[in-house]
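Small disclaimer: the values here were computed from a predicted structure and weren't measured. All residue numbers in this chain count up from 1 along the given sequence. Any value given below was found using the heavy atoms of this structure, including those in side chains, with hydrogens, waters and symmetry copies removed.
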Amino acid sequence: SAFTPYTHFASTAYCTPSTTEAWTCGTNCEANPDFAPVASGGDGEIDTEPTLAPLDANLFPGVPSNVEVHAGFYESFTKSAVSVLSAAQKSIAAGNTTRVTVVGHGLGGAIASIAAVYLQLHIHGVKIQAFTFGQPRVGNEAFANYVDAKLDITRINNKKDPSPILPGLFLGYTSFSGEVHIGENNIWYACPGQDNLSTMCSTGDVPTLFDGDVNDHGGPYNGIEMGC
């Protein structure tokens, strides 16, 4: 239940920017009634070609050069990076903020992970954390190690959802730590480490795409289905 507010926030991303900016998006907005929007937008486009690419040193100063992420996810992130940072800084300045939380579902979760790394590099004096749902792998082992060392990200995956095992390990991708896996019995399991091979965790429970069920991607996450 502690994840429920973040689940609704991630689901809100499926609503039109005009309704999220006015916070009139229905159930998801009503679940967090005290939230005050600052900005909303996006073009809904993303490239899923699983090529790995390095991070721009201007956007990600100090990140080791061997850290690589999914080129399509990265390109989508860079379109709004400056705007997201500006909105976050505006929110921080408006209140006595001690924590910034980034959320996302599916491909949005992948972008949220990159955004969390970016925001931590450019915002100081506050804690950056992230909660993602049904997130695919984002980068190589160096990226996973960097995230594990620098950030607090929780990856929540539902049952046989195949998204968390994509792109494949054979393509050079590695999941960072922090997985919480909802089992077939609806019990939530903590899965320590990167790509935990226990059958209670996504990598072990869904060893191939043939073992997955795309119907599990949208949830439910504690009774919440993703969508607007």
Supply the atom-to-atom distance [X] [atom1] to [Y] [atom2], rounded to the nearest 0.5 angstrom.
X: D148; Y: I153; atom1: CG; atom2: CD1; result: 8.5 Å
X: S175; Y: N157; atom1: OG; atom2: CG; result: 8.0 Å
X: T97; Y: I92; atom1: OG1; atom2: CD1; result: 6.0 Å
X: L52; Y: F73; atom1: CG; atom2: CZ; result: 10.5 Å
X: N145; Y: T174; atom1: CG; atom2: OG1; result: 8.0 Å
X: N32; Y: T4; atom1: CG; atom2: OG1; result: 9.5 Å

As a quick check of understanding, evaluate side-chain contact (heavy atoms from CB on, under 4.5 Å) for S83 and S86, giving each step before the final call. CA-CA 5 Å; S83 297; S86 176; 5.6 Å; no

Linking I/L/V/M/F/W/Y whenever their side-chain heavy atoms sit closer than 4.5 Å, directly or via other members, would [X] and [Y] fall into one cluster?
X: L171; Y: L169; value: no
X: M200; Y: I165; value: no
X: L151; Y: L85; value: yes
X: I111; Y: L166; value: no
X: L121; Y: I114; value: yes

Which residue pairs satisfy the side-chain hydrogen bond (donor to acceptor under 3.5 Å, both in side chains) criterion with at least one member in residues 110-120, sequence neighbours excluded? S113-Q135

Specify the closest pair of heavy atoms between [X] and [Y], including all atoms of both residues, with the distance to one decimal.
X: E225; Y: G218; value: OE1-O, 3.1 Å
X: V67; Y: A142; value: CG2-O, 3.8 Å
X: P5; Y: A2; value: CD-O, 3.6 Å
X: G212; Y: P162; value: CA-CB, 4.3 Å
X: T20; Y: S40; value: OG1-OG, 2.5 Å

Any side-chain heavy atom of [X] sitting closer than 4.5 Å to one from [Y]?
X: H70; Y: P50; value: yes
X: D56; Y: Y74; value: yes
X: P136; Y: L107; value: yes

If only side-chain N and O atoms count, and only distance matters, is there a donor-acceptor pair under 3.5 Å linking [Y] with [X]?
X: R155; Y: T132; value: no
X: T203; Y: D195; value: yes
X: E179; Y: N196; value: no

Around E21, counting heavy atoms of other residues, nucleotides and ligands shown, do more than 12 lie under 6.0 Å from its CD? yes

May I have the step-by-step check of side-chain contact (heavy atoms from CB on, under 4.5 Å) for D161 and D213, ending in yes or no? CA-CA 5 Å; D161 180 7; D213 185 347; over 6 Å; no

By salt bridge (charged side-chain N to carboxylate O under 4.0 Å, His left out) - contacts of [X] (at least two apart):
X: D216; answer: none
X: K150; answer: none
X: K159; answer: none
X: D205; answer: K160

With H8 via ring-ring contact (aromatic ring centres under 6.0 Å, His included) - residues at least two apart: none

With a cutoff of under 4.5 Å between side-chain heavy atoms, which Ile, Leu, Val, Met, Phe, Trp and Tyr residues group with V38? none

Mind checking who shares a hydrophobic cluster with F3, ILVMFWY linked at side-chain heavy-atom distances under 4.5 Å? Y6, F9, Y14, W23, F35, V103, F131, F133, I156, V180, I182, W188, Y221, M226

Could you walk me through whether S1 and N222 satisfy the side-chain contact (heavy atoms from CB on, under 4.5 Å) test, starting with their C-alpha distance in whole Å, then the side-chain angles of each, then the deciding distance to 0.1 Å, before giving a yes or no? CA-CA 7 Å; S1 60; N222 195 27; 4.3 Å; yes

Just grab all the disulfide (SG to SG under 2.5 Å) pairs involving residues 22-67, residues at least two apart or on different chains. C25-C29

Pairs flagged by ring-ring contact (aromatic ring centres under 6.0 Å, His included) wherever residues 141-184 is involved - sequence neighbours left out: none

Which pairs, with at least one residue in residues 201-220 and sequence neighbours excluded, count as a ring-ring contact (aromatic ring centres under 6.0 Å, His included)? H105-H217

Taking S11 for its side chain and G227 for its backbone only, find out whether a donor-acceptor pair lies under 3.5 Å. yes

Can I get a per-line list of side-chain donor-acceptor pairs under 3.5 Å for residues 122-129, giving both atom names and the distance, sequence neighbours left out?
from : atom 1 : to   : atom 2 : distance (Å)
H122 : NE2    : L59  : O      : 2.7
Q129 : NE2    : T101 : OG1    : 2.9

Verdict with reasoning, L55 to E68, per side-chain contact (heavy atoms from CB on, under 4.5 Å): CA-CA 6 Å; L55 299 174; E68 295 183 327; over 6 Å; no

